[in-house]
Structure formats: structure tokens, C-alpha cells
Enquirer: 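Right, I'll just put the structure down here and ask away after.
Fair warning: this is a prediction, and the values are worked out from it, not measured in the lab.
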Amino acid sequence: MAYLGENIKKLGFGLMRLPVKDGAIDIAETSEMTDMFLADGFTYFDTAWAYPGSEDAIRQALVMRYPREKYVLATKNAAWLKCRNKKDAVMQFETSLRQTQAGYFDFYLLHNLGESRTHFFDDFGLWDWALETKERGLIKHLGFSFHSTPEELENILTAHPEAEFVQLQINYADWENPLVRSRECYETARRHGKPVVIMEPVRGGMLASPPPAVAEILKAADPDMSAASWAIRYAASLDGIITVLSGMSNSAQMADNLSYMKNFKKLSDEQLAVIERAREEIKKIPVIPCTSCNYCAKVCPMNIGVSGTLNAMNDYILFNNLPYAKSQIDWLVDSHGKARADKCIKCGKCEQACPQHIRIREELARAVGTLGIKTE
């Protein structure tokens with residue numbers, strides 16, 4: 001039986017981290033990467049209205065240079081971002097059409113559903129609007145991207161069976177991560193019969209340079225394969241996958257990805273055992289045992305983003321990448337409307353509520369010092 005994405009190869013070009021030169025997206029290198037990608041038979045390009053400059057860049061690098069039938073283009077609608085009403089949200093779609101000049105979108109996603117963002121799409125009637133736009137031929141396939149709990153994903157898919165696919169954050173490090181819950185979200189989508197587009201297979205680049213013990217395991221298993229290749233091939237080996245997005249930033253990354261994905265074969269049982277050993281090695285690293293139950297958040301008088309802060313610290317502990325950990329404070333704390341850890345008054349109520357008995361006040365103070373957290 002045919003399924004959505006059956007003829008799409010398992011590597012997608014994510015356009016969120018395009019090469020930059022002199023402070024702007026480098027169109028020449030983006031064009032070179034586009035040529036490399038298409039030459040090896042890959043077709044799926046993923047952009048978004050919310051990615052600054054990305055839609056215009058892909059117009060120049062792809063749309064103006066290749067026949068429309070040679071590629072598959074996806075973009076997204078962030079109705080929760082600067083939209084006051086349905087008209088504002090629909091304007092995002094019209095802007096995307098104008099910026100890309102693509103004529104239509106093969107895959108159109110309602111962008112980043114979950115938590116406080118979900119209701120905007122219902123309030124503005126965007127599901128019905130999208131179906132009407134699909135009937136006009138301007139959208140070929142309708143889906144959504146998602147960052148939240150499997151319980152919320154279950155509710156959305158039950159309420160909106162018209163969604164044809166789901167885009168999820170999936171990688172071997174986050175498979176059982178209590179904050180991301182990749183496995184549970186993936187299983188929820190598959191239980192509803194929805195194929196999946198995978199984002200963040202290399203966890204924002206972190207799994208390209210994993211902890212040393214993990215890197216040793218992967219290198220010992222296959223000295224010729226990059227750490228990133230293990231992460232992407234693992235994601236692409238899951239059943240029901242349309243494609244796996246890689247946010248490539250230069251031609252070298254494109255060449256590496258193409259080298260192992262152009263003749264992709266699912267990981268063998270032996271190779272999956274290597275991934276499991278890598279995952280077990282990550283578990284050995286002494287991270288803060290936060291499960292993101294958020295009992296602390298319910299009692300904090302300062303509305304501190306405790307679990308977000310602790311998980312950002314865990315990212316730093318695991319990958320020793322300070323810029324990435326700081327960016328997680330932006331995402332896990334600021335964008336969730338929580339206060340930063342430097343606002344902690346050390347009342348201790350969070351510790352009384354924590355089932356993991358974490359010394360939260362000490363950990364928040366450590367995060368402030370390590371990550372340079374300061375309320376802006």
C-alpha cells in the first residue's frame with residue numbers, strides 16, 4: 001500500500017541554519033548545496049515563514065533555478081507569533097507564497113503546536129482554512145510540527161484527523177528524555193496512522209560532537225562513519241518516516257550527509273546495538289535527575305522556569321557546549337513565559353515538592369554561574 005512520502009528519499013534539507021557570509025545568508029553556497037542535494041536524487045526542502053531570510057534564499061537558490069516538479073517544498077505557519085486574528089495568520093501564508101515564488105507548497109505545516117501555542121490555530125479557524133486552501137491546490141499535504149507531550153499530541157490528532165503527517169523531534173539521545181519524550185510522541189503519531197517527518201536528528205548539532213565516551217563507541221564500530229551519520233541513519237531507520245531533516249550549514253556537511261544517505265539502508269540489528277550502547281553511555285553521565293514533572297513550578301512564588309533551567313544545565317553537562325545551553329534557556333524558559341533562575345529567592349518550596357529530592361536552590365545557583373543567566 002502506498003503511503004505519504006513513499007517516493008521521497010530519507011534525507012531532507014532543513015533550511016533553518018543556512019550558510020552566512022557578511023551577516024547575510026550566502027546564496028552562492030546555498031545554491032551549491034542545493035545542486036549537490038538534487039544531483040543525488042534528494043528532493044525535500046524544509047523552510048518556514050519564521051526562519052529569517054530562508055524563504056527568500058530558497059527562492060534564489062532553488063525555485064528560480066529548477067523546474068517546479070523537480071523538488072518538494074515545505075513551509076510553516078506560526079499563527080501564535082505576532083498574529084492578532086485569522087487575517088494576520090493567513091497573511092503569513094501569502095507572504096510565504098510571495099517570498100518563495102513556488103506557486104504552491106507540497107507540505108504545509110501548522111508550526112510548533114503544543115502548550116500555549118495550540119489554541120491559536122483553532123481560534124483562528126486555520127484548520128478549515130488550510131483544507132479550503134488545499135482544495136484550491138495551493139497546499140498538497142497538510143500537517144503540523146510539534147514540541148510538547150504525547151498526551152497533548154494525542155488530543156490534537158484526535159481532534160484533527162485531517163492532519164496527514166506530523167513533524168517531531170526525534171534522536172537517539174532524546175528517545176527516552178523526560179523533557180522531549182521522543183519515543184512516546186513517535187508511537188502516538190504511528191498509532192494514529194500518521195507518517196512522520198523527523199527534525200533535530202542530530203539534536204541541534206550536538207550529536208555531531210557527542211560526549212567522548214559515546215564518540216569512542218561509534219568510532220570503534222565504524223571508523224569511516226561520522227558521529228552525525230549514526231544519528232541521522234538511526235532516525236531514518238524508524239518505520240513510517242517521510243524524511244529526516246538535517247539543518248546543514250555548509251557544503252562539507254552536505255557532502256557528508258549525502259555520502260551515507262544516497263544509498264541508505266536501515267541500520268542492522270548489530271548497528272542498532274551500537275546506538276543502544278551509546279545511549280547507555282549517555283545515561284552514565286551524572287546529570288541532574290530532573291524528570292520535568294514540574295511540581296516545583298506549581299509552588300514557586302517567582303514563576304521560575306526550574307525544569308527548563310535544569311535541562312539546559314544537563315545539555316551543558318552532556319555536550320560541553322555553552323552557546324547551545326544558553327540557547328536552551330531562551331527556548332525552555334523565556335519562550336515558556338517563565339522567570340530566569342537569577343530571580344530565585346531561595347524559599348525552598350520547590351525542594352519540598354520535588355519527588356526526586358533535587359537540591360534545586362543549589363542547582364539554580366550553579367546554572368546562574370555556569371550559564372551566565374541574567375534577567376534582561
Enquirer: Might you point out which heavy atoms bring Cys296 and Cys350 nearest each other, and give the distance in Å?
Expert: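 Result for this residue pair: CB-CB, 3.8 Å.
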
Enquirer: Where do Leu18 and Ser54 land on the side-chain contact (heavy atoms from CB on, under 4.5 Å) test, with the steps shown first?
Expert: CA-CA 8 Å; Leu18 292 173; Ser54 177; 4.3 Å; yes

Enquirer: Check whether any side-chain N or O of Arg279 sits under 3.5 Å from a backbone N or O of Ile275 as a donor-acceptor pair, and report yes or no.
Expert: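 Judged by distance alone, no pair lies under 3.5 Å.
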
Enquirer: Any chance you could measure Lys349, atom NZ, to Met302, atom CE, to the nearest 0.5 Å?
Expert: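 Separation between the atoms: 11.5 Å.
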
Enquirer: Under a 4.0 Å N-O cut-off, is there an ion pair linking Glu94 with Arg98?
Expert: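 A salt bridge is absent here (no side-chain N lies under 4.0 Å from a carboxylate O).
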
Enquirer: With a sphere of 6.0 Å drawn around OH of Tyr324, does it hold more than 12 non-hydrogen atoms of other residues, nucleotides or ligands?
Expert: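 Result for OH/Tyr324: enclosed.
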
Enquirer: Less than 4.5 Å apart, side chain to side chain, heavy atoms only: is that true for Tyr260 and Asp224?
Expert: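 No, side chains not in contact.
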
Enquirer: Quick check: closest heavy atoms across Leu126 and Ala79, and the distance to 0.1 Å?
Expert: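 That closest heavy-atom pairing would be CD1-CB, 3.5 Å.
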
Enquirer: Taking atom types as modelled, find out whether Thr75 and Thr47 have a side-chain donor-acceptor pair closer than 3.5 angstrom.
Expert: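 Side-chain D/A pair, Thr75 to Thr47: absent.
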
Enquirer: Any non-hydrogen side-chain atom of Tyr104 less than 4.5 Å from a side-chain atom of Leu73?
Expert: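 No, too far: nothing below the 4.5 Å cut-off.
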
Enquirer: Determine, using ring centers only, whether His147 and Trp331 are less than 6.0 Å apart.
Expert: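 Yes; His147 has its ring centre under 6.0 Å from that of Trp331.
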
Enquirer: Going through the distances and angles, do Asp128 and Lys86 end up as a salt bridge (Lys or Arg N to Asp or Glu O under 4.0 Å)?
Expert: CA-CA 11 Å; Asp128 290 338; Lys86 179 179 180 179; over 6 Å; no

Enquirer: Any salt bridge between Lys219 and Glu216, counting N to O under 4.0 Å?
Expert: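 No, Lys219 and Glu216 are not salt-bridged.
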
Enquirer: Hey, can you pull the donor-acceptor pairs under 3.5 Å for the side chains in residues 57-65, sequence neighbours left out?
Expert:
residue: Arg59; atom: NE; partner: Asp56; partner atom: OD1; Å: 3.1
residue: Arg59; atom: NE; partner: Gln99; partner atom: O; Å: 3.4
residue: Arg59; atom: NH2; partner: Asp56; partner atom: OD1; Å: 2.6
residue: Gln60; atom: NE2; partner: Asp56; partner atom: OD2; Å: 2.9
residue: Arg65; atom: NH1; partner: Asp35; partner atom: OD1; Å: 3.1
residue: Arg65; atom: NH1; partner: Ala61; partner atom: O; Å: 2.7
residue: Arg65; atom: NH2; partner: Asp35; partner atom: OD1; Å: 3.0
residue: Arg65; atom: NH2; partner: Asp35; partner atom: OD2; Å: 2.9

Enquirer: Taking side chain as C-beta onward, heavy atoms only, is Thr34 less than 4.5 Å from Phe45?
Expert: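 Thr34 reaches Phe45 side chain to side chain.
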
Enquirer: Quick check: Tyr71 with Tyr44 (ring centres under 6.0 Å apart)?
Expert: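 Between Tyr71 and Tyr44, which both carry aromatic rings, the centre distance is not below 6.0 Å.
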
Enquirer: Taking NZ in Lys134 as the centre, count heavy atoms belonging to other residues, nucleotides or ligands within less than 6.0 Å. Is the count above 12?
Expert: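 Counting neighbours around NZ of Lys134, more than 12 heavy atoms of other residues, nucleotides or ligands fall under 6.0 Å, so yes.
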
Enquirer: Between Tyr51 and Lys76, is any side-chain donor less than 3.5 angstrom from a side-chain acceptor?
Expert: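 Judged by distance alone, the side chains do pair up.
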
Enquirer: I'd like to know whether the aromatic ring centres of Phe42 and Phe13 sit less than 6.0 Å apart in this structure.
Expert: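 No.
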
Enquirer: Start with the C-alpha gap between Asn112 and Ser145, add the side-chain angles, then the distance that decides, and say whether side-chain hydrogen bond (donor to acceptor under 3.5 Å, both in side chains) holds.
Expert: CA-CA 5 Å; Asn112 196 7; Ser145 62; 5.5 Å; no

Enquirer: Using a strict threshold of under 4.0 Å (side-chain N to carboxylate O), is an ion pair present between Arg181 and Glu151?
Expert: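 Yes.
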
Enquirer: Are Glu29 and Lys21 close enough for a salt bridge, meaning some N to O gap below 4.0 Å?
Expert: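 Not counted as a salt bridge, because no side-chain N and carboxylate O are separated by less than 4.0 Å.
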
Enquirer: Does any non-hydrogen side-chain atom of Ser237 lie less than 4.5 Å from one of Lys265?
Expert: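 Sidechains of Ser237 and Lys265: no contact.
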
Enquirer: Got a second to check how far Gln356's CD is from Cys293's SG, nearest 0.5 Å?
Expert: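 Those atoms lie 7.0 Å apart.
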
Enquirer: For Cys290, check side chain to side chain contact (heavy atoms under 4.5 Å, CB included) against everything at least two apart and list the hits.
Expert: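 Testing Cys290 for side chain to side chain contact (heavy atoms under 4.5 Å, CB included), a comparison that skips the adjacent residues, returns Ser292, Ser307, Leu310, Asn311, Ile358.
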
Enquirer: Decide yes or no for Leu207 and Phe319: does some side-chain heavy atom of the first lie under 4.5 Å from some side-chain heavy atom of the second?
Expert: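 The answer is yes; the side chains approach within 4.5 Å.
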
Enquirer: Might you confirm whether atom CD of Glu270 has over 12 heavy atoms from other residues, nucleotides or ligands at distances under 6.0 Å?
Expert: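 Atom CD in Glu270 is not crowded, with 12 or fewer foreign heavy atoms closer than 6.0 Å.
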
Enquirer: Output yes when a side-chain donor or acceptor of Glu363 lies under 3.5 Å from a complementary backbone atom of Arg359, and no otherwise.
Expert: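 Checked: no pair found.
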
Enquirer: May I ask you to check whether Trp230 and Tyr172 place their ring centres under 6.0 Å from each other?
Expert: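 Centroid separation for Tyr172 and Trp230: 6.0 Å or greater.
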
Enquirer: Distance from Gln253 atom CD to Ser226 atom OG, nearest 0.5 Å?
Expert: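 Output value for this atom pair is 10.0 Å.
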
Enquirer: If you round to the nearest 0.5 Å, how far is CZ of Arg366 from CZ of Arg361?
Expert: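 Result: 16.0 Å between the selected atoms.
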
Enquirer: Output yes when a side-chain donor or acceptor of Asn85 lies under 3.5 Å from a complementary backbone atom of Asp88, and no otherwise.
Expert: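 Yes; judged by distance alone, with no hydrogens or angles, the pair exists.
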
Enquirer: Taking the side chain as C-beta and beyond, is there a heavy-atom pair between Val166 and Leu153 under 4.5 Å?
Expert: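 The answer is yes; the side chains approach within 4.5 Å.
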
Enquirer: Do Lys266 and Asp239 meet the salt-bridge criterion of a basic N to acidic O distance under 4.0 Å?
Expert: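 Answer for the salt bridge query: yes.
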
Enquirer: Salt bridge check, Lys284 against Glu281: does any charged N sit closer than 4.0 Å to a carboxylate O?
Expert: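 A salt bridge is present here (some side-chain N lies under 4.0 Å from a carboxylate O).
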
Enquirer: Between the side chain of Asn155 and the main-chain N/O of Pro150, is any donor-acceptor distance below 3.5 Å?
Expert: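 Side chain of Asn155 to backbone of Pro150: no pair is present.
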
Enquirer: Can you check whether His111's main-chain N or O pairs, donor with acceptor, with Trp80's side chain at less than 3.5 Å?
Expert: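 Yes.
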
Enquirer: On a heavy-atom basis, which atom in Ile241 and which in Ala235 lie closest, and how many Å separate them?
Expert: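 Scanning both residues, the minimum pair turns out to be CG1-O, 3.9 Å.
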
Enquirer: For Glu152 and Thr118, which I'm curious about, is there any donor-acceptor pair between the side chains at under 3.5 Å?
Expert: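 Yes.
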
Enquirer: Kindly indicate whether the side chain of Val197, heavy atoms from C-beta on, has any atom under 4.5 Å from the side chain of Leu245.
Expert: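 They are in side-chain contact.
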
Enquirer: With rounding to the nearest 0.5 angstrom, report the OG to CG distance, Ser335 to Leu81.
Expert: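 Atom-to-atom, Ser335:OG and Leu81:CG are 11.0 Å apart.
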
Enquirer: Is it the case that atom NZ in Lys9 sees more than 12 heavy atoms from other parts of the structure closer than 6.0 Å?
Expert: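 More than 12 within 6.0 Å, yes.
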
Enquirer: Looking at Glu280 and Lys283, does any basic side-chain N land under 4.0 Å from a carboxylate oxygen?
Expert: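 Yes.
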
Enquirer: Assign the ring pair Phe93 / Tyr108 to parallel, tilted or perpendicular, where the plane angle (0 to 90°) is split at 30° and 60°.
Expert: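 It falls in the perpendicular class, over 60°.
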
Enquirer: Can you give me the closest heavy-atom contact between Pro301 and Ile345, atom names plus distance?
Expert: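 Between these two residues, the closest heavy atoms are CG-CD1, 4.0 Å.
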
Enquirer: Does one side chain, of Glu55 or Thr100, offer a donor that lies under 3.5 Å from an acceptor on the other?
Expert: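 No, because no side-chain N or O of Glu55 sits under 3.5 Å from a partner of the opposite role on Thr100.
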
Enquirer: Please examine the side chains of Arg68 and Asp106, heavy atoms only from C-beta on, and report whether any two atoms are closer than 4.5 Å.
Expert: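 Asp106 vs Arg68: side chains touch.
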
Enquirer: For a ring pair (Phe, Tyr, Trp, His ring centres under 6.0 Å) with His160, tell me which candidate from Phe144, Trp127, Phe146 qualifies.
Expert: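 One option only clears the test, and that one is Trp127.
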
Enquirer: Which heavy-atom pair separates Val333 from Ala339 by the least distance, and what is that distance?
Expert: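 Smallest interatomic distance, heavy atoms only, reads CG1-O, 3.5 Å.
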
Enquirer: Roughly how far, to the nearest 0.5 Å, is NZ of Lys346 from CD of Glu351?
Expert: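 So the gap between those two atoms works out to 10.0 Å.
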
Enquirer: Search all heavy atoms of Pro355 against all heavy atoms of Tyr295 and return the closest pair with its distance.
Expert: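 The answer is CD-CD1, 3.6 Å.
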
Enquirer: Check whether Thr309 reaches the backbone of Gly305 with its side chain - one donor and one acceptor, N or O, closer than 3.5 Å.
Expert: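 Side chain of Thr309 to backbone of Gly305, a donor-acceptor pair under 3.5 Å: yes, one is there.
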
Enquirer: Checking Gln92 side chain against Asn77 main chain: does a donor-acceptor pair fall under 3.5 Å?
Expert: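 Pair absent, no side-chain N/O of Gln92 close to backbone of Asn77.
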
Enquirer: Show every side-chain hydrogen bond (donor to acceptor under 3.5 Å, both in side chains) that has at least one partner inside residues 192-204, sequence neighbours left out.
Expert: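 The answer is Arg17-Glu200, Glu154-His192, Asp174-Arg203, Arg203-Asp315.
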
